> 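The structure follows.
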Amino acid sequence: MRSTAATRTVSLAQARRIAVAAQQLAAPPNPDAAPAGRAQLRRLVDRLGLLQIDSVNVVARAHLLPVFARLGRYPFEVFEQAAWPSRSRDRLLVETWAHEASLVPLAVHPLLRWPRRHWSTAAAQRLAERHPGLPERVLAVIADSGPLSAGQVEKVLLGASAGRSGWWEWSETKRACEALFSAGLLGTAYRRGFERHYDLIERVLPPAVLAAPVPDRADAQRALVAIAARAHGIATAGDLADYFRMGVAEAKAAAVDLVDDGILEPVLVPGWRDPAYLHREARVPRRVAGRALLCPFDPLIWTRPRTERLFGVHYRIEIYTPEHKRVHGYYVFPFLLGDRLVARFDLKADRAASRLLVRSSWLETGPADEPPPRPAEVAAAAAVEFRRMARWLGLGAVEVADRGDLWPAVRTAVAAAGPPEPSAQHSEGPEPPPHVPEAPPELAEALPPEPLPGGAPARTSPAAP
């Protein structure tokens, strides 16, 4: 008989440090290091397993910001050539449905080929019933013409009538493209003007990835849960399920198998309703020196219940909330300092005026049984990150608005830090020039490992990139 009963307890403080270290955030990037390159990006995304993509570009695209938080400044072209290269053999990342719309390392793609429940699956069936033959015609057009946007496909299909209202609207063509993309028959060759250009998946993926065998559903789920568990360090079955958006029961079954294999260990975390799983490579640092602005789509915080359990912070993205009902702002970044979320800031890149705008600043109290963070220390650390982010975005100043309960300390700290240093990045921020494929649309050095209760040593993971 298999047993997943926990035999030891991990404290909440340890769990936070484990999670921060597993997410490669245990120490800020070295400000004196050369800009990160392709090899560092590869190591990071292999460790994280995926990057969520989103259309909001208030500061920078969602997939770019978690990389910056962990690696520091890097040329935007490094990422663009990893995700949307001109040759498939140069590709490191591929777009697919994972944690919503995502970019995943090539090795993860075969694990996602088994049938998945998603809105586009049912939509594809309804589309085929309403418009028989449309998906096949879309495939034929792209096969003949190469990478095309949905609008370009429609022009080939309908000619002068493309875009006009009628039974075969632009939206139907777009839905056909999206359904074929979700089914794995089309891939994203590149982006222009934030618009996806579709191509046959065999022309998007390198031959070796195409030839990789497709595991059965249970094996794929075990592999995906193992990736999620390593990226989390410590997590409940619900946390693991959310990483690649699978069912909780399926994730729990996979976790039980991974316990049998010695990859996961069941543990208890005080205050957590559900049992947790500790990955065998998880480090348990005695201290972490994390310092990062986390975008709303950062994998450390995107599972909001886990964020509240770990950090004692209730966080919700407010971009879909009417302005008069927003509490903290439009595009709010929680601020990681050490192993705690100590503040949140509503940020915006004002590219026309070359300014990083801190539109509101709020101090977090955090767990009730821990001392609150000191405003001056939080503000000073945040000012360093604002300056670093502004430099990466090619912005010449940081401007702090008088909203929130932390803005006076932040404004003082930003003034003391001085203006950002000149950057080689173009002043418009991480928006590629017109001829470069663009990003997707819609829709502290740790001390020696701390022993865990029970005397067992913590395992050591490979060095962070």
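Everything numeric here is computed off the predicted structure, so don't read it as measured data.
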> Between R388 and E385, is there a side-chain N and carboxylate O pair less than 4.0 Å apart?
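Counted as a salt bridge, because a side-chain N and a carboxylate O are separated by less than 4.0 Å.
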> I'd like to know if R326 and E318 make a salt bridge, using a cut-off of under 4.0 Å between side-chain N and carboxylate O.
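The answer is no: the pair does not qualify as a salt bridge.
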> Is D239 reaching over with its side chain to a backbone N or O of T236, donor-acceptor style, under 3.5 angstrom?
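Looks like yes, one N/O pair under 3.5 Å.
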> Do V108 and V94 have side-chain heavy atoms sitting under 4.5 Å apart?
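Answer no - side chains too far apart.
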> Between E250 and Q221, do the side chains contain an N or O donor and an N or O acceptor separated by less than 3.5 Å?
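Looking only at side-chain atoms, Q221 and E250 do form a donor-acceptor pair, the distance falling under 3.5 Å.
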> Would you say M246 and V225 make side-chain contact, with heavy atoms under 4.5 Å?
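Heavy-atom side-chain distance check passes, below 4.5 Å.
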> May I have the step-by-step check of side-chain contact (heavy atoms from CB on, under 4.5 Å) for H197 and L148, ending in yes or no?
CA-CA 5 Å; H197 282 62; L148 294 174; 5.6 Å; no
> What distance do E265 atom CD and I234 atom CD1 have between them, rounded to the nearest 0.5 Å?
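Going from the CD atom of E265 to the CD1 atom of I234 covers 9.0 Å.
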> Would you tell me whether T188 and R196 have side-chain atoms, one donor and one acceptor, within less than 3.5 Å of each other?
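There is such a pair between these side chains.
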> Could you tell me whether the side chain of I317 reaches within less than 4.5 Å of the side chain of F297, counting heavy atoms only?
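In contact.
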> Kindly indicate, with the supporting measurements, whether the criterion side-chain contact (heavy atoms from CB on, under 4.5 Å) is fulfilled by Y277 and L240.
CA-CA 9 Å; Y277 297 93; L240 298 174; 4.3 Å; yes
> When the ring centroid of W97 is compared with that of F244, is the distance short of 6.0 Å?
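No, they do not, as the ring centres are separated by 6.0 Å or more.
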> Looking only at heavy atoms, what is the nearest atom pair of L51 and P66, with distance?
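Heavy atoms of L51 and P66 come nearest at CD2-CB, 4.1 Å.
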> Answer yes or no: is there an ion pair linking E172 with R175, defined by an N-O contact shorter than 4.0 Å?
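Looking at R175 together with E172, the answer is yes, because their closest N to O distance falls below 4.0 Å.
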> Would you say R17's side chain and P285's backbone share a donor-acceptor pair under 3.5 angstrom?
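Yes: the side chain of R17 pairs with the backbone of P285.
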> Can you name the nearest heavy-atom pair linking Q24 to R47, along with the distance?
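Nearest pair, atom of Q24 first, then R47: NE2-CG, 3.4 Å.
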> Could you check if a side-chain atom of L103 sits within less than 4.5 angstrom of a side-chain atom of I53, using non-hydrogen atoms only?
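L103 reaches I53 side chain to side chain.
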> Using modelled atom types only, decide if a donor and an acceptor are shared between the side chain of S360 and the backbone of H328 within a distance under 3.5 Å.
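Yes; at least one donor-acceptor contact below 3.5 Å.
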> With side chains defined as the heavy atoms from C-beta onward, is the minimum distance between L92 and L106 less than 4.5 Å?
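In short, these two side chains do not touch, never coming nearer than 4.5 Å.
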> Please name the pair of heavy atoms, one in R280 and one in D261, separated by the smallest distance, quoted to 0.1 Å.
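Smallest interatomic distance, heavy atoms only, reads NH1-O, 4.3 Å.
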> Within the distance-only criterion (no hydrogens, no angle test), does the side chain of R91 pair as donor or acceptor with the backbone N or O of P206 below 3.5 angstrom?
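No.
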> What heavy-atom pair brings A226 and L258 nearest, and what distance separates the two atoms?
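Closest approach of A226 to L258, heavy atoms only: N-CD1, 3.7 Å.
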> Apply the test side-chain hydrogen bond (donor to acceptor under 3.5 Å, both in side chains) to residues D242 and T303: give CA-CA distance (whole Å), side-chain angles for both, the deciding distance (0.1 Å), then the verdict.
CA-CA 7 Å; D242 186 66; T303 304; 2.7 Å; yes
> At their closest point, which heavy atom of A69 faces which heavy atom of L25, and how far apart are they?
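The answer is O-CD2, 3.9 Å.
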> Rounded at 0.5 Å granularity, tell me how far CG in L50 sits from OG1 in T96.
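That separation rounds to 10.5 Å.
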> Apply side-chain contact (heavy atoms from CB on, under 4.5 Å) to residues V267 and T9 and explain how you reach the verdict.
CA-CA 6 Å; V267 296; T9 298; over 6 Å; no
> Is a side-chain N or O of R70 found less than 3.5 angstrom from the main chain of Q23, in a donor-acceptor match?
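Present.
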> Between atom NE2 of H232 and atom CG of L48, what is the distance when rounded to the nearest 0.5 Å?
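Atom-to-atom, H232:NE2 and L48:CG are 11.0 Å apart.
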> Could you state the interatomic distance from OH (Y330) to CD1 (I319), rounded to the nearest 0.5 Å?
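So the gap between those two atoms works out to 5.0 Å.
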> Does R61 use its side chain to pair, donor to acceptor, with the backbone of S55 at less than 3.5 Å?
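Yes, because the side chain of R61 sits within donor-acceptor range (under 3.5 Å) of the backbone of S55.
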> Can R73 be said to sit on top of W392's aromatic six-ring, NZ or CZ under 6.0 Å from centre and within 45° of the ring axis?
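No; the conditions do not both hold, so R73 does not lie above the ring face of W392.
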> List the steps, then state whether salt bridge (Lys or Arg N to Asp or Glu O under 4.0 Å) holds for R38 with E77.
CA-CA 10 Å; R38 183 178 174 93; E77 293 76 14; over 6 Å; no
> Does the pair Y331 and K348 meet the rule for a side-chain contact (heavy atoms from CB on, under 4.5 Å), with working shown?
CA-CA 8 Å; Y331 203 64; K348 176 180 173 62; over 6 Å; no
> Considering only heavy atoms from C-beta outward, does the side chain of P35 approach that of P75 to under 4.5 Å?
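With C-beta onward as the side chain, the pair touches.
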> Ignoring hydrogens, what is the shortest heavy-atom contact between T365 and P373? Give both atom names and the distance.
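For T365 and P373, the tightest heavy-atom pair comes out as O-CD, 4.0 Å.
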> Quick one: does H131's side chain have a donor or acceptor within less than 3.5 Å of a partner on E129's backbone?
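A pair under 3.5 Å: no.
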> Is there side-chain contact between L200 and L139, with heavy atoms separated by less than 4.5 Å?
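A side-chain contact exists here, since the closest heavy-atom pair is under 4.5 Å.
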> Below 30° counts as parallel, above 60° as perpendicular, anything between as tilted: where do the rings of F181 and Y198 land?
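Perpendicular: the ring planes of F181 and Y198 meet at over 60°.
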> Judged by atom type as modelled, is there a donor-acceptor pair below 3.5 Å linking the side chain of S102 to the main-chain atoms of Q52?
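No; judged by distance alone, with no hydrogens or angles, the pair does not exist.
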> W302: which residues meet the ring pair (Phe, Tyr, Trp, His ring centres under 6.0 Å) condition with it, sequence neighbours left out?
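Testing W302 for ring pair (Phe, Tyr, Trp, His ring centres under 6.0 Å), a comparison that skips the adjacent residues, returns H99, Y243.
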> Would you find a donor on one side and an acceptor on the other, under 3.5 Å apart, between the side chain of Y315 and the backbone of V332?
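Yes: the side chain of Y315 pairs with the backbone of V332.
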> Rounded to the nearest 0.5 Å, what separates atom CD1 in I18 from atom OG in S11?
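Output value for this atom pair is 8.0 Å.
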> Going by heavy atoms in the side chains, are I201 and L186 under 4.5 Å from each other?
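When only atoms from C-beta onward are counted, L186 and I201 do not touch, as no gap falls below 4.5 Å.
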> Under 4.0 Å between a side-chain nitrogen and a carboxylate oxygen: does that hold for K174 and E178?
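Looking at E178 together with K174, the answer is yes, because their closest N to O distance falls below 4.0 Å.
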> Please name all residues satisfying salt bridge (charged side-chain N to carboxylate O under 4.0 Å, His left out) with D46, sequence neighbours left out, ordered by chain then number.
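Partners of D46 under the salt bridge (charged side-chain N to carboxylate O under 4.0 Å, His left out) test: none.
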> Roughly how far apart are R217 CZ and L111 CG, rounded to 0.5 Å?
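Here the interatomic distance stands at 13.0 Å.
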> Could you go through R287 and D339, starting from their C-alpha distance and side-chain angles, then the distance that decides it, and tell me whether this counts as salt bridge (Lys or Arg N to Asp or Glu O under 4.0 Å)?
CA-CA 8 Å; R287 177 180 62 86; D339 65 351; over 6 Å; no
> Taking E364 first and then R340, would you say they form a salt bridge - that is, a charged N and a carboxylate O separated by under 4.0 Å?
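Looking at R340 together with E364, the answer is no, because their closest N to O distance does not fall below 4.0 Å.
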